[in-house]
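Just so it is clear, the structure is predicted and the values come from calculations on it, not from any experiment.
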Amino acid sequence: CVFALVLLRAGNDTDKSNSIGPLLTGFLIFFALAVGIYPAMVLGQASIARPLWEPFLLMPLFLLLGLHSGVALVQLLTLNKWTDKSIEQIRRLDLGAVGIQVVLFALLVITTTFSSAGKNQLFFGEYALWFWVGVVFIGWALPFIIGSSAPPSKKVIILTQLCFICGAFALRTVIVFSGQGAQAFTGT
């Protein structure tokens with residue numbers, strides 16, 4: 001995010017940004033992908049004992065969460081550059097990202113051998129508040145409802161970006177901590 005902001009600032013200068021910009025952008029994309037995928041790869045090493053940490057589903061989910069949170073933070077820090085057209089593009093991007101997050105998480109829970117006791121712990125037990133309030137309501141439902149029903153404006157985008165960042169943190173927390181629970185990986 002910091003490098004992207006520096007790049008935006010450098011874009012206002014003329015000669016220096018043209019030679020540094022593409023190279024720096026390439027590095028930023030590489031590091032964003034690496035940081036987004038690395039936690040899923042590390043957790044995936046224990047996927048046999050902890051099925052919620054299935055690396056092939058966690059990698060795209062964590063990558064999407066990281067990229068979407070980073071984009072949301074950059075958008076919040078550059079809100080004075082928004083135009084009506086960019087606000088509409090941000091809204092469409094956000095609605096699509098929420099839909100993909102929901103689908104990836106549903107696939108993660110449905111297709112893994114995550115036990116029924118583990119699912120109960122996640123949905124109704126120790127992590128239920130984090131999941132239902134943090135992930136479902138703040139991270140998914142609130143931004144979707146606001147983004148699809150309210151007319152696009154800076155205030156709406158600010159609220160939805162803050163919700164996305166909080167929801168992404170809550171979803172990562174739920175996946176990491178509920179995946180560690182002993183009930184999550186005992187027989188179904």
Side-chain angles (χ1 to χ4, degrees), residues 1 32-33 35-44 46-47 50-77 79 90-150 152-186:
C1 290
L33 293 173
V35 169
I37 293 173
Y38 179 74
M41 288 175 53
V42 171
L43 293 176
S47 66
R50 292 173 170 79
L52 190 60
W53 293 348
E54 172 58 46
F56 293 109
L57 292 169
L58 269 187
M59 280 192 251
L61 181 61
F62 275 19
L63 181 61
L64 179 63
L65 290 172
L67 290 174
H68 195 213
S69 299
V71 167
L73 184 59
V74 169
Q75 290 169 352
L76 286 172
L77 295 174
L79 62 98
I90 291 168
R91 186 184 70 81
R92 276 191 260 130
L93 173 77
D94 290 341
L95 291 175
V98 167
I100 295 171
Q101 286 176 27
V102 171
V103 168
L104 286 173
F105 183 77
L107 285 172
L108 182 68
V109 172
I110 292 168
T111 62
T112 61
T113 57
F114 196 46
S115 70
S116 58
K119 289 176 186 175
N120 283 334
Q121 178 182 351
L122 173 64
F123 298 128
F124 307 109
E126 185 178 356
Y127 302 103
L129 184 65
W130 275 95
F131 179 73
W132 293 110
V133 174
V135 176
V136 173
F137 180 69
I138 295 174
W140 293 340
L142 193 59
F144 182 79
I145 291 167
I146 293 171
S148 61
S149 62
S153 69
K154 283 188 178 185
K155 289 179 184 179
V156 167
I157 298 297
I158 290 170
L159 179 60
T160 57
Q161 300 313 306
L162 290 172
C163 288
F164 287 131
I165 292 169
C166 293
F169 174 75
L171 184 56
R172 280 182 179 249
T173 301
V174 163
I175 288 172
V176 171
F177 287 119
S178 68
Q180 293 179 37
Q183 294 178 0
F185 50 93
T186 56

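More than 12 heavy atoms of other residues, nucleotides or ligands sit less than 6.0 Å from atom NZ of Lys154.
The shortest heavy-atom contact between Pro143 and Cys163 is CG-CB, 3.6 Å. The nearest pair of heavy atoms linking Ile165 to Ala72 is CG1-CB, 4.0 Å. Taking both residues in full, the closest heavy atoms of Val98 and Gly139 are given as CG2-O, 4.2 Å, listed atom of the first, atom of the second, then distance. For the pair Phe123 and Trp132, the tightest heavy-atom approach, listed with the atom from each and the gap, is O-NE1, 2.5 Å.
With sequence neighbours excluded, the residues satisfying side chain to side chain contact (heavy atoms under 4.5 Å, CB included) with Val133 are Leu129, Ile138. Partners of Phe144 according to the ring-ring contact (aromatic ring centres under 6.0 Å, His included) rule, which considers only residues two or more places apart in sequence or in another chain, do not exist here. Here Phe164 pairs with His68 under the ring-ring contact (aromatic ring centres under 6.0 Å, His included) rule; sequence neighbours left out. The side-chain hydrogen bond (donor to acceptor under 3.5 Å, both in side chains) check on Trp130 picks up nothing, with sequence neighbours excluded.
Contacts classified as side chain to side chain donor-acceptor pair (under 3.5 Å) and involving residues 163-173 (residues at least two apart or in different chains) are not found. Each salt bridge (charged side-chain N to carboxylate O under 4.0 Å, His left out) pair with one or both residues in residues 92-113, not counting sequence neighbours, appears once here: Glu88-Arg92.
Interatomic distance, Ile146 CD1 to Ile157 CD1, rounded to the nearest 0.5 Å: 10.0 Å. Considering OG of Ser69 and CG of Leu64, their distance stands at 8.5 Å, rounded to 0.5 Å. Rounding to the nearest 0.5 Å places CG of Leu76 at 8.0 Å from OG1 of Thr160. Atom CG of Leu162 is separated from atom CG of Leu73 by 9.5 Å, given to the nearest 0.5 angstrom. Trp140 contributes atom CH2, which lies 14.0 Å from atom CD1 of Ile145 (distance to the nearest 0.5 angstrom).
Phe62 is listed as a side-chain neighbour of Ile175, based on a closest heavy-atom distance under 4.5 Å. The shortest distance between side-chain heavy atoms of Ile90 and Gln161 falls below 4.5 Å.
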